[in-house]
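Below: one structure, written as structure tokens.
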Amino acid sequence: METAALVAPVTALEFLKNTFLLTGEGPVLQAYSLQPQPKACASLSLLQHFRIHGIRPRGYAAVPAQSCDAGAYRTKKHVPELSSSTQSNFFDLAVFGGKGVRLVRLHVDPQDGDHLEILGPLMQLQDWVLDVRWLSGDNSSLLCVALAHNSALLLDVVTGKVLIQRSCLEGCLLYSALLLVHESWADTVFIGGTVFNQLVLWKLEGGIDSENKAPVERRLHGHSGVIFSISYLQEKGWLASASDDRSVRMWSVGLLGGPGGKCGDLNPVCLRVLYGHQARVFSVHLSTEKVFSAGEDGACLVWDWAGVGKVVQTLKGHKAGGVRALAISEVSADEERWVATGGADGGVRLWMVKETEERKKEMEETVTDKLTDLNFLGQGAPKVVCIAGEENANWSQSKFVVCTDQGTVYQYSAQQWKMVWQGSSEFQSYCVMETVSISTKESTDKIHLCAVGNLSGSIHVFPISHPHLGIFLTGGSGKIHSLIWEHKGDSVCLLASGAEGLVYRWCIEVKLKENSFLSLIVSPLSSFLLPPCAKRWLTAAVCIHSKAQEALWVCGDRRGSLLLFQEEKELPRRKKDDAEAGDVFLTATEKAQVEQNESKGNQNNFITEQTETKEVNDLKLQPLSCLFGVHGKQGVTSVYEYQGLFYSTGRDGCVRVFRVQPTSPENLEENKKMNTGKTVEKNRNLQLVILRVQRACKGMEWLERVLILKSEIPEQDEFRYKVNWTEKLGLTDGKGTEERFSREEETTENKGKEARFVIVGFHAVHFVVWDPVRQERLLAVPCGGGHRSWSLWPTHRGVWPGYGALVFIKQGAVLVSHRPGEEPNWAGKAGMTGGWSLREGIHGRGIGCVCRLGKIRAAGNDLQTAGNMTEAKERKEEREEGHWEVVVTGGEDTSLTVLAVHSNSGSIKVLAVITDHISSVRTVTAVTSPMRDTEHHPQSISALLVSAGGRAQMQCYRLLIGWDRQELVPSCQVIQVASHRLDEQWERRRNRHKMVKMDPETRYMSVVVVDETTDSVLMALACSDGAVRLFSVSEIKRQIDLLWESFYHQRCVLTVATCSMEDGEGNRYKLLFSAATDGKIAVWNLTEGSSSANALSDSPPPPIPCLSIPAHQSGVNSLAVWAEKLGQQKGGCLVTVASGGDDGQLTVSRIRVQFPENGNVSEPLLQPSKQLQLHLHAQSHVPLAHAAPLTALKLLSPGHLVSTSSDQRVCLWRVCSTGIIHRGTLCSHVADTAGLAAWEGEISQEDAGAEKCKTTFERLELRQEKGIWREKGNQTELETDGKTGGRFTKDMETADKAKGGEPVEAVGERGDPVFKTCDEKGNEGAEKCRNGRDNESVAGTESEVNTETTLEAGGSRKKETGWLLVCGQGLQLVRVRNTETEAKASMAE
């Protein structure tokens, strides 16, 4: 078994200058290159089953006066100098964690690529390592190591010997330690954070007694919790400590360490107590101006302790679970430094933070508290504000247009207000205004149009640059409720919602004549008639053009409904000789003529135009489809179209993703509505169908719109763009950029696929841009809440670029989040967007369940390597070939995550995040079906997903997994099918007053598919209230129905499983297995129950278990069931039930099932003589299969089981007729294991080729791991004055022990510890088990010792391999290879 992919909490971070960032995730050391853009450059598994908790570079010196949590006294003597020559440079690193220390070298080679090299074997000590420092003297091969029981030792990394070991007289347990080293061991000062909430300081060579123990020199009291982190600043003589009591304390301790090992002031003083975290504080770092702290609340706080000690910046980007690691870099030349955080979600984030006091104002919190007043001085109070600058212009070039309650329009440009248009008295006290930018065929410049409507139905449209060329339109005789601009080819459409549900429309085109004279060409369009309701006006609209049919309009109204309209085929044209005049409603020239004729009483031209407009508006278009009130009574706020899907928002806190599809025949009659007035008959064969609903964060109910989360630049250049934002913010080629995002250029492969989007809305008093996938704020501005006019920059393409600025009206003032004369500052872009994600996190809290959907691979032409790629890139492309495993995980953070895991590279892609559950997700299952798989159409997966968990909630989705040819990764479309809650079911019962109400705290513990038909799927659920419930899920009806429930167990039911059988006549039988906390397994015969549920409309009565099996002393957490036929003579079959429980025991029960003689399965339950006959045939036990409760048990293949437990071990078992054989154990890197998935897969040619295409440093790693250190002798222990201080794990010693049959620990290809035993008796028992000659129940061990290969699962098929996905506090994908294939390969070698 070997690890293919790993996501675990990031527990260590370290910067190498400003060039590299090193991360520790489990035992894996990952190196990221920060220049010119951050990217992963090397990765290596080092510490076997230990987690990396620290990384220390040798000879790497910090800038003077920096924090000494990275070493107080170090010189630049051994700092490797990076050069541009071909000579390879390197960094030597000491990596530690758990009880292990290892030396690694990072080679920096611009030509061949950076890589990691192991310098020595793993040095294992007898105590937990808390800190490691290199001595800076002449001998640079000495390590000073701090241990968890307040002791330290001096380690020679060349010989592997412990030279000196010292302990403190106060031998208490430490939670943190800091070593302040200098040139010698005698100069070192030890600072420890004890379990008694104290800081103790002692010298390693101070006052040694006869037992080599040193006294405590200083003691610091004050914390009320254990101390997790310590940091020291030499320049100030200040010490910082982070504690479990949610505080950071600053101490004045004086000079520590240095020559002679100074211990500082005799009476240290606590300078300040910093409270700001909402949970435990895990890390603290000091700089000359600031304090950086990170904790369990997921926030990294930047404190200005030089001032009043307040928080000046909050860096939040990780999901729930907290920040486990923190690192800060050196200060750059422009007084900036990197800040890196590693979260419990497995993610790594980067921020850039200003260090100097002069730029402190630019480091505001994530919520931008600094607002700028534009000092509006016009007539009246501003009511509406819009941005009317160039679409590709930057923030400093943006122009704001404001309409006041006096009917006056002003424009803000060049830091000055200017009146643009003065309306008549009809526009006073009430007006609505919208702006739009339109292109002309004669020029590349944009023309900005402004439309203003009033209470009497009048609308004035004018160019902002030439307001005197405006035109007047009439939208009925009543109030204009709303104005909406929508682009339609080279022109724009104006929609005006008038009285009585009429929506008047005009098509407006701008032409530039030879004399640079603007003219507005207006064509009236047919009106929309909205369905009758209280609030009958439009609030959003979008137009979709199609070559196959007329244009479609998808609209949203104030009542919360979504409407679908279809455009007429031809626009009515007036009979005039002049073709151009036939399309003109009122041009600028005619408007001037009308104004001249008005004084003379001649208005014939105007009346003629109004008459023809009335004829056009009499044609009222009815909606083809209506989703009435889907967004609630507060209305729809926006509708947006992207790649064939529609996204609507409302004030109900939801984003609805929907599409237009043909109407089913039974719904055609329902869509017909009464027509009023002159109508245009339409083909009513289209309807709106909602795919899924996405909620924003808790408390964010007022949503305004969605923005597609798509970068304006290629992904590989994204980081460089963000760093050099001042050079690239002004987009140069406007048309080229616009064409990139045009709807016409989007490929058909991406049509109908849901895009990543962010949600814009109001959360309490803040304007917020929210990322629903990462569950974080990207922007927050304290505007005062909703009910105000606002405009966001830049959103002209409907894309969120990662930064933004807001202009809004508050209390009669026009405010902006950033001053228009300057760009949004660096901190505004970096801090507000949650930093830059080097590695995406998954679940912030524990993963409780997992389900595999299938595998998907790219199309053949997508795997071709471009001809201009270098040889190194081609090798990398070859390694990236292979398939993606698609899985769904559910966690305690109430979310479902759809992941794609690459089988070769181990890369993980988050495809979708579903947040519909209100409590933790405990179980998930799916019914999958593969779809087309051709060269041009890659394989796709369709899965019906059912998830369940707390609060008795069950959700059902349809997942469509395909291949994205643009991103070259899998894509996922989520369609919400139905949801169900038991309390809602109880409310619908007729006789609920006679029944006891359902416990609201009921949890669904396990779900399994019982049977599936063409119209429904039967699901059995284990419930915490002691019930086993059977549900019917109908995707056609989009509902979930409860069929029956049984309280047979009378205690919490933990798990359920099913088994299908078939007799010789083709009759199918269904068995359901349920297990509870009493350790018993109940067997249910659901053969009649499933058939009657499909045939009858009434719910069938709950059956009675036909067999009860005592299996464990306590709760049964997991079941694995499979059936084997016994043959035609014996009849029936043998069902094997494997179970794992809280007692750590693995039990295998064999049940003999006898089929009815006549094969009739439709007899009622009252005649048990004709039913299945079941009895317990045999039972085998492994009492101590795990050292902790067995949490998950899965069937890898018939006869092969995989179990896991909270002891972090994954065990492979073989079940035969005589017992259970232990095949091997892998130490997992995932803590609190709760979920497990196992499946078989075939090794493809790409996978086999990828195994051969290992890089040079990977092969070198294996050689170093296995053979290089053998020639250094047989020394295997670290000697300390005759005592053993640690040991080396060597292959020579491993091989010797293996020959003697002793348990040994081997290391796999990726450094995974694989525990193996070569036992002759065990192998004999295994051979007997294979031949079936041993009649007793045995529990043996069968494996082979081969340190150059990893443990494999047995099997007869040569090209198959097994896959395991272990989930808990992270996830780990494990590959289990075929034993027979590997055996032949080893013989060939």
Side-chain angles (χ1 to χ4, degrees), residues 374 376-388 399-413 416-438 447-485 492 494-499 503-506 508 510 518-520 522 524 537 585-599 603 606 609-610 613 788-791 807-809 812-814:
L374 297 184
F376 178 76
L377 301 176
Q379 298 178 3
K383 293 297 182 182
V384 186
V385 61
C386 298
I387 296 179
K399 301 177 182 179
F400 310 135
V401 178
V402 171
C403 184
T404 67
D405 57 0
Q406 299 296 323
T408 307
V409 177
Y410 292 86
Q411 178 177 329
Y412 183 86
S413 178
Q416 291 182 356
W417 288 101
K418 178 183 178 182
M419 180 185 295
V420 176
W421 177 78
Q422 175 67 53
S424 62
S425 60
E426 296 179 350
F427 289 89
Q428 295 183 4
S429 74
Y430 174 84
C431 63
V432 290
M433 182 187 70
E434 289 294 336
T435 61
V436 70
S437 298
I438 183 174
I447 304 299
H448 307 292
L449 300 181
C450 180
V452 183
N454 59 17
L455 283 172
S456 60
S458 299
I459 303 169
H460 187 63
V461 180
F462 59 91
I464 298 179
S465 59
H466 302 80
H468 60 282
L469 300 179
I471 59 175
F472 284 93
L473 304 175
T474 301
S477 59
K479 175 182 178 181
I480 300 297
H481 294 277
S482 65
L483 294 174
I484 300 173
W485 288 102
V492 290
L494 176 63
L495 286 74
S497 293
V503 180
Y504 300 91
R505 302 185 303 142
W506 298 272
I508 301 177
V510 179
L518 290 177
S519 64
L520 301 182
V522 181
W537 65 84
F585 172 71
L586 191 64
T587 62
T589 306
E590 291 173 339
K591 172 184 174 293
Q593 184 178 359
V594 168
E595 292 178 351
Q596 295 176 0
N597 294 335
E598 281 181 355
S599 59
Q603 299 182 6
F606 185 78
E609 303 293 347
Q610 291 288 351
T613 303
R788 67 187 67 254
S789 179
W790 60 273
S791 188
V807 53
F808 60 95
I809 296 175
V814 181

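Residue numbers start at 1 and run along the sequence shown.
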* Asked: Rounded to the nearest 0.5 Å, how far does CG of L495 lie from OH of Y504?
  -> 12.5 Å

* ring pair (Phe, Tyr, Trp, His ring centres under 6.0 Å) with F808: which residues, sequence neighbours excluded? -> none

* Mark yes or no for whether S791, through its side chain, and V807, through its backbone, hold a donor-acceptor pair below 3.5 Å. => no

* Structure fact -> So NE2 of H466 and OG of S519: to nearest 0.5 Å the spacing works out to 12.0 Å

* **Pairing residues for W485 by the ring pair (Phe, Tyr, Trp, His ring centres under 6.0 Å) criterion, not counting sequence neighbours** => none

* Asked: If you round to the nearest 0.5 Å, how far is CG of L374 from CD of Q416?
  -> 13.0 Å

* Determine, stepwise, if the pair K479 / W537 fulfils side-chain contact (heavy atoms from CB on, under 4.5 Å). => CA-CA 10 Å; K479 175 182 178 181; W537 65 84; over 6 Å; no

* Does the side chain of V510 come within less than 4.5 Å of L449's, by heavy atoms? -> yes

* To do: Start with the C-alpha gap between I387 and F400, add the side-chain angles, then the distance that decides, and say whether side-chain contact (heavy atoms from CB on, under 4.5 Å) holds.
  => CA-CA 5 Å; I387 296 179; F400 310 135; 4.0 Å; yes

* Asked: Atom CD1 in I438, atom CD1 in I447: separation rounded to 0.5 Å?
  -> 9.0 Å

* To do: Name the orientation class of the two ring planes belonging to F376 and W417 (parallel below 30°, tilted from 30 to 60°, perpendicular beyond 60°).
  => perpendicular

* Test item: T404 and Y410 side chains (from C-beta on) under 4.5 Å apart, heavy atoms -> yes

* Structure fact -> What one should report as the nearest heavy-atom pair of I809 and K383 is CD1-C, 3.5 Å

* To do: Output, in order, the C-alpha distance, side-chain angles, deciding distance and verdict of side-chain contact (heavy atoms from CB on, under 4.5 Å) for L494 and I459.
  => CA-CA 10 Å; L494 176 63; I459 303 169; 4.2 Å; yes

* Asked: Just wondering, do V461 and L473 contact through their side chains at under 4.5 Å, heavy atoms?
  -> yes

* Asked: Between H460 and I471, is there a donor-acceptor pair closer than 3.5 Å when you use the side chain of the first and the backbone of the second?
  -> yes

* **Any residue meeting side-chain contact (heavy atoms from CB on, under 4.5 Å) with S458, in chain and number order, not counting sequence neighbours** => E426, F427, N454, S456

* Asked: Is a side-chain N or O of D405 found less than 3.5 angstrom from the main chain of G380, in a donor-acceptor match?
  -> no

* **Closest contact, heavy atoms only, Q379 versus Q422** => OE1-OE1, 4.1 Å

* Heavy-atom side-chain contact between H448 and K399 under 4.5 Å -> no

* Asked: Given side chains that start at C-beta, do those of C431 and V409 come closer than 4.5 Å, heavy atoms only?
  -> no

* **V432: side-chain contact (heavy atoms from CB on, under 4.5 Å) partners, not counting sequence neighbours** => Y430, I480, L483

* Structure fact -> Taken in chain and number order and not counting sequence neighbours, the residues that satisfy side-chain contact (heavy atoms from CB on, under 4.5 Å) with C450 are M433, T435, V452, F462, I464

* For the residue pair I484 and V503, establish whether any side-chain heavy-atom pair is separated by less than 4.5 Å. => no

* Qualifying residues under side-chain contact (heavy atoms from CB on, under 4.5 Å), relative to S477, sequence neighbours excluded -> none

